[in-house]
Number of protein chains: 2
Amino acid sequence: MSVRLDRIDRKILAELQSDAAQSLDEIAKKVGSSKTPVWNRVRKMREAGVIRQNTVLLNAEALGLEACFFVLIRTSEHEAEWQRKFLQALRVRPEVLEAHRLAGDIDYILKVQVTNARAYDEFYQALISEVKIHNVTALLSMEEIKSTTALPVGVD
Amino acid sequence: MSVRLDRIDRKILAELQSDAAQSLDEIAKKVGSSKTPVWNRVRKMREAGVIRQNTVLLNAEALGLEACFFVLIRTSEHEAEWQRKFLQALRVRPEVLEAHRLAGDIDYILKVQVTNARAYDEFYQALISEVKIHNVTALLSMEEIKSTTALPVGVD
DNA sequence: CCTGAAAAGACGCGCCC
DNA sequence: GGGCGCGTCTTTTCAGG
């Protein structure tokens with residue numbers, strides 16, 4: 001599963017991350033190659049799971065999702081059954097964009113995107129009614145300084 | 001800039017978010033329409049900025065990016081010049097995937113994706129040498145429970 | 001606003017170097 | 001490994017209902 005990626009592979013990934021709609025010919029020209037080799041590399045990287053998904057990034061405000069919260073969660077429960085229920089609750093809710101289990105005294109962090117503070121409160125009430133949570137801190141984003149899905153591929 | 005999106009628009013967005021590589025015909029069939037109208041809707045939503053970007057999601061581990069940190073930052077500086085430098089430093093660094101200015105006693109949160117803890121420490125040292133920061137807490141992700149770029153479009 | 005067809009173009013693949 | 005070229009499918013445009 002671990003693939004060796006050379007400089008050209010990484011350039012291709014950088015191009016795809018910045019605009020996945022451009023044609024193979026355009027990418028080929030930019031990375032200094034031509035269509036066939038680029039196509040073969042892309043196919044291999046898809047098969048190897050390096051490229052996971054083609055998607056589209058939407059404007060949250062245009063969809064009325066004006067509030068973004070980071071939620072820090074501490075729990076006293078650490079049993080398997082509790083965790084299963086908790087994870088399931090997160091996965092099911094589309095407003096939860098990210099959820100990570102953490103090392104340290106905070107157990108989980110969530111990123112939650114909703115229409116407004118009221119919608120967040122509804123989410124919060126629903127969550128704590130489903131699973132027991134010891135302590136919750138919500139951090140409200142005032143300004144998105146930076147937001148990218150582009151991972152550093154190690155080429156400039 | 002505020003666009004009205006009907007049920008079909010939202011279904012199209014949901015489809016594009018889940019797989020932007022599928023053809024117009026496929027999307028048309030799934031949303032119960034046909035090629036041309038779907039294409040016109042997509043074009044309008046692109047022009048209106050609802051659809052911001054076509055991109056590709058990569059596997060961070062395949063790129064050797066095995067460590068993800070959330071960084072909570074408190075600062076005592078609140079002058080324009082300090083902020084300008086700070087924001088610039090974040091924007092320039094590709095390992096910073098997200099940066100938000102917050103309401104409350106924590107001023108900023110970052111999401112930082114790096115190869116390992118040492119790489120995080122290098123990032124951290126570089127950052128605090130560039131701008132004065134009062135207090136930093138790094139939360140290390142042990143497990144990505146959920147990670148999606150798909151915003152809830154309000155259709156199931 | 002949708003249908004249908006037709007032009008322009010990109011993809012995917014085999015074959016050659 | 002890279003380059004060429006062709007058949008096929010998709011995207012894009014545009015007529016007309």
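So that the names make sense, note that chain A is the first sequence line, chain B the second, and so on, each numbered from 1.
Ile12(B) has its CD1 atom 15 Å from the C1' atom of dT11(D), to the nearest Å. Put simply, CG on Asn40(A) is 14 Å from C1' on dC4(D), counting in whole angstrom units. The CD1-P distance, from Ile27(A) to dG2(D), rounds to 15 Å in whole Å. Here dG1(D) presents its P atom at 10 Å from CG of Asp9(A), a figure rounded to the nearest Å.
Only one option out of Arg41(A), Arg43(A), Lys44(A) pairs with Asp9(A) in a salt bridge (charged side-chain N to carboxylate O under 4.0 Å, His left out); it is Arg41(A).
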Notebook entry, point to check: Run the ring-ring contact (aromatic ring centres under 6.0 Å, His included) check on Phe86(A) and Tyr108(A) step by step: do they pass?
Noted result: CA-CA 11 Å; Phe86(A) 179 60; Tyr108(A) 297 92; 4.7 Å; yes
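Checked by atom type and distance alone, the side chain of Arg74(B) never pairs as donor or acceptor with a backbone atom of Ile106(B) at under 3.5 Å. Checking side-chain atoms of Glu143(B) against main-chain N and O of His100(A) turns up no donor-acceptor pair under 3.5 Å.
Annotation: Lys146(B), atom NZ; neighbour count of heavy atoms from other residues, nucleotides and ligands within 6.0 Å is above 12.
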Next item on the list: Go along nucleotides 6-17 of chain C 5' to 3' and tag each nucleotide: B for a protein heavy atom under 4.0 Å from its base, S when only backbone or sugar atoms are that close, - otherwise.
Entry: B---SBBB----
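Nearest heavy-atom pair, Gln17(A) versus Ala150(A), reported as atom, atom and distance to 0.1 Å: OE1-CA, 3.2 Å.
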